[in-house]
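Labels below follow one simple rule: chain letters A, B, ... track the order of the sequence lines, proteins then strands, and each chain is numbered from 1. Note that the coordinates shown come from a computational prediction; the quantities given were computed from them, not determined experimentally.
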Number of protein chains: 2
Amino acid sequence: MNVTEATKYLENKGIKTTYQRAVIFSYLNNKKNHPTADMMLNDLGKKVPTLSRATIYNTMEFFREKGVVQVLNMDDGLRHYDADLSTHLHFHCNKCDTIYDMYTQLDTDKIDELKDFEVHNQFININGICKNCKKKEK
Amino acid sequence: MNVTEATKYLENKGIKTTYQRAVIFSYLNNKKNHPTADMMLNDLGKKVPTLSRATIYNTMEFFREKGVVQVLNMDDGLRHYDADLSTHLHFHCNKCDTIYDMYTQLDTDKIDELKDFEVHNQFININGICKNCKKKEK
DNA sequence: TTAAATGCAAATAATTTGCAGCATA
DNA sequence: TATGCTGCAAATTATTTGCATTTAA
């Protein structure tokens with residue numbers, strides 16, 4: 001999804017778009033790397049030199065309110081952002097720090113302890129060693 | 001578990017103990033409130049007025065290394081600490097901010113996508129509205 | 001033209017670090 | 001006594017905010 005496509009996508013959702021917003025959304029959607037604000041500034045700063053930290057934070061909060069990105073609190077204590085809103089879990093490799101998306105979720109309807117609770121979201125982080133790093137170990 | 005019992009518990013695990021460490025561990029173990037460093041300082045400061053933030057952070061890192069507490073990255077972006085090491089999930093009520101422990105977990109052995117991955121830990125956060133707050137709504 | 005978004009810089013908040021003094025083995 | 005812990009203060013890092021300027025409808 002390039003910048004033009006990102007603009008259309010956002011506008012179709014009734015979300016007011018600017019160049020910065022489209023660039024940021026396009027980046028998030030393409031890279032799927034669950035970046036922090038700092039990572040985004042580093043990468044996008046090459047393309048848009050005046051892009052500021054404040055705009056990234058503002059835009060992420062704006063996108064979150066609009067429901068087009070989710071915020072992940074990962075075990076580095078930092079906020080990571082994700083344009084994939086399907087319910088999925090994240091596997092963090094302790095060796096290479098890659099974050100893998102996996103499309104498994106808890107069936108909260110079937111959990112007794114959640115009876116009479118209203119569930120809005122679930123966030124699942126798993127960590128360990130990924131397939132690639134295990135291969136290299138040998 | 002009072003301070004004396006906490007001391008014994010930690011020493012049985014070969015962990016060097018001080019008064020501060022025992023007070024902190026006892027607090028965590030009793031209150032089961034998943035506090036942040038700041039919450040601990042507020043509560044424990046009444047009992048141990050000289051207790052410092054640095055000691056709390058140092059102690060939590062020390063306990064984590066020793067494997068007697070786990071760190072939870074909750075959706076407020078803060079680190080919360082938990083002396084309950086059994087694999088369990090956390091439900092955060094968006095109304096009253098209570099964190100509930102629930103003893104359900106993912107059976108990671110049964111997840112295809114995790115084949116050839118080595119799993120160390122899983123962290124599950126669910127949020128929504130708790131039973132009590134739903135009752136009050138009516 | 002006007003309301004809202006951006007970008008800079010300063011402010012705040014959480015966490016970490018350096019180091020002097022203190023406590024414990 | 002020696003090693004390592006504590007507590008203070010300063011430093012660092014992430015995030016937020018205030019405000020002047022720019023942008024887009």
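Going from atom CZ of B:F63 over to atom C1' of D:dC5 covers 12 Å, rounded to whole Å. Nucleotide D:dA14 holds its P atom 14 Å from the CG atom of B:N73, rounded to whole Å. At whole-Å resolution of the value, CD in B:E65 and P in D:dG4 are 14 Å apart. Following rounding to the nearest Å, B:L41 (CG) and D:dG7 (C1') show an atom-to-atom distance of 11 Å. The nearest whole Å value for the distance from the CE atom in B:M60 to the P atom in D:dC5 is 14 Å. One interatomic measurement links the two molecules: CG of B:L44 to P of D:dG7, which rounds to 11 Å at whole-angstrom precision. Between B:E61 atom CD and C:dA14 atom P there is a gap of 19 Å when expressed in whole angstrom units. What separates CD1 of B:I56 from P of D:dC5 is a distance of 17 Å, to the nearest Å.
Between the side chains of A:D75 and A:N125, no donor N or O sits under 3.5 Å from an acceptor N or O. In this structure, a donor-acceptor pair under 3.5 Å is absent between the side chains of B:T59 and B:Q20.
Here A:R53 lies in heavy-atom contact (under 4.0 Å) with a base. Residue B:T55 is in base contact, counting any heavy-atom pair closer than 4.0 Å across all strands shown. Base engagement by B:N58 is indicated by at least one non-hydrogen atom pair under 4.0 Å involving a base atom.
Relative to the side chain of A:K16, the nucleotides C:dA4, C:dT15, D:dC5 differ in distance, and C:dA4 lies closest. Of the listed nucleotides (C:dC8, D:dT15, C:dA4), C:dC8 has the atom at the smallest distance from the side chain of A:A54. When the nucleotides D:dT16, C:dA5, D:dC5 are ranked by their closest atom to the side chain of A:R79, D:dT16 comes out on top.
Each of A:Y81 and B:R21 lies near DNA chain D, and the nucleotide nearest B:R21 is the one positioned closer to the 5' end. Position along DNA chain C of the nearest nucleotide to B:D38 versus A:L51 favours A:L51 as the more 5'-ward residue.
Between A:E61 and A:R64 there is a salt bridge, since a side-chain N of the basic residue sits under 4.0 Å from a carboxylate O of the acidic one.
The phosphate of C:dG7 (OP1 or OP2) has a side-chain N or O of A:T50 nearer than 4.0 angstrom. Taking 4.0 angstrom as the limit, A:Q20 places a side-chain polar atom (N or O) nearer than this to OP1 or OP2 of C:dG7. OP1 or OP2 of D:dT15 has at least one side-chain nitrogen or oxygen of A:Y57 nearer than 4.0 Å. Note on B:T18: every side-chain N or O is 4.0 Å or more away from OP1 and OP2 of C:dT24.
Using the six-membered ring where Trp is involved, B:F25 and B:Y9 have ring planes that are parallel, under 30° apart on the 30 and 60° scheme.
For B:K134, the NZ atom counts as densely surrounded, since its 6.0 Å shell holds more than 12 non-hydrogen atoms of other residues, nucleotides or ligands.
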